[in-house]
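One structure is given below, encoded as structure tokens.
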Amino acid sequence: MVREAYENELQEILQLYLHLHEDHIPEDSRHLQTTWAQILRDPNHHLIVKEVEGKIVSSCVCVIIPNLTRNVRPYAFIENVVTDSACRGKGYATECLNHAKQIAQAQGCYKLMLLTGSKSEKTLNFYRSAGYNSADKTAFIQWL
């Protein structure tokens, strides 16, 4: 089942993020709980999960960003695409990305964007097969 995350799933999602690029789970602090509550309350922030046999095995975040151009149509940004290492290659991340696309279309978005730090051809081909391209835009990042 692909759906948006439930309030009681924070720890399971943080565990999944260990398969992304995190090396530890953040301390259960007021800041963490406030951020989690903010994410859950924000109608433009969608934390999408794939659940298999009661376990979250894949996820992505889709944020809808209001916009004044393109006939005042919003756009969507995809981040934190991750699948449990033991569950990769089964189409779970694709299901999450497709769910994000449905949300973006329902919100009238004119585009979906995502960035990846991966240089792996397998990963890049995965995003290409999901309908993304790297030819239309050039991404720049400034780390803060």
Closest approach of [X] and [Y], non-hydrogen atoms and distance?
X: Leu97; Y: Ala130; answer: CD1-CB, 4.0 Å
X: Phe77; Y: Leu114; answer: CE1-CA, 4.5 Å
X: Ser85; Y: His19; answer: OG-ND1, 2.9 Å
X: Ala76; Y: Cys109; answer: N-SG, 3.9 Å

Of all residues at least two apart in sequence or in a different chain, which pass the side chain to side chain donor-acceptor pair (under 3.5 Å) check with [X]?
X: Asn125; value: Arg128
X: Thr69; value: Asn67
X: Ser29; value: none

Pairwise side-chain contact, [X] with [Y], heavy-atom cut-off 4.5 Å (strictly under):
X: Cys62; Y: Ile48; result: yes
X: Thr116; Y: Phe126; result: no
X: Leu32; Y: Leu10; result: yes
X: Trp36; Y: Leu47; result: yes
X: Gln15; Y: Ile25; result: yes
X: Val61; Y: Ile39; result: no
X: Lys111; Y: Arg70; result: no

Short question: side chain of Glu12, backbone of Glu9 - any donor-acceptor pair under 3.5 Å?
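Here the side-chain-to-backbone pair does not exist.
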In terms of hydrophobic clusters joined by side-chain contacts under 4.5 Å, are [X] and [Y] together?
X: Val81; Y: Ile65; answer: no
X: Ile64; Y: Val2; answer: yes
X: Tyr127; Y: Ile103; answer: no
X: Leu20; Y: Val52; answer: no
X: Met113; Y: Leu115; answer: yes

Please say whether more than 12 non-hydrogen atoms of neighbouring residues, nucleotides or ligands are located less than 6.0 Å from CD in Gln11.
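Yes, enclosed.
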Sequence neighbours left out, what pairs pass side chain to side chain donor-acceptor pair (under 3.5 Å) with at least one residue falling in residues 41-65?
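Checked against side chain to side chain donor-acceptor pair (under 3.5 Å) - neighbours excluded - the pairs reaching residues 41-65 are Arg3-Glu51, Glu4-His46, Lys50-Glu95, Lys55-Asp84, Ser58-Thr83.
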Can you run down the side chain to side chain donor-acceptor pair (under 3.5 Å) pairs that involve residues 98-107, sequence neighbours left out, and say none if there aren't any?
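Sorted result for residues 98-107: empty, none.
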Would you list the atom pairs, donor with acceptor, under 3.5 Å between side chains in residues 135-144 and any protein atom, with sequence neighbours excluded?
{"unit_1": "Asp136", "atom_1": "OD2", "unit_2": "Asn133", "atom_2": "ND2", "d": "3.0"}

Nearest-0.5 Å distance that lies between atom CG in Leu112 and atom CD1 in Ile78
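Result: 5.0 Å between the selected atoms.
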Kindly compute the distance separating CD1 (Ile13) from CD1 (Ile56), expressed to the nearest 0.5 Å.
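These two atoms lie 4.5 Å from each other.
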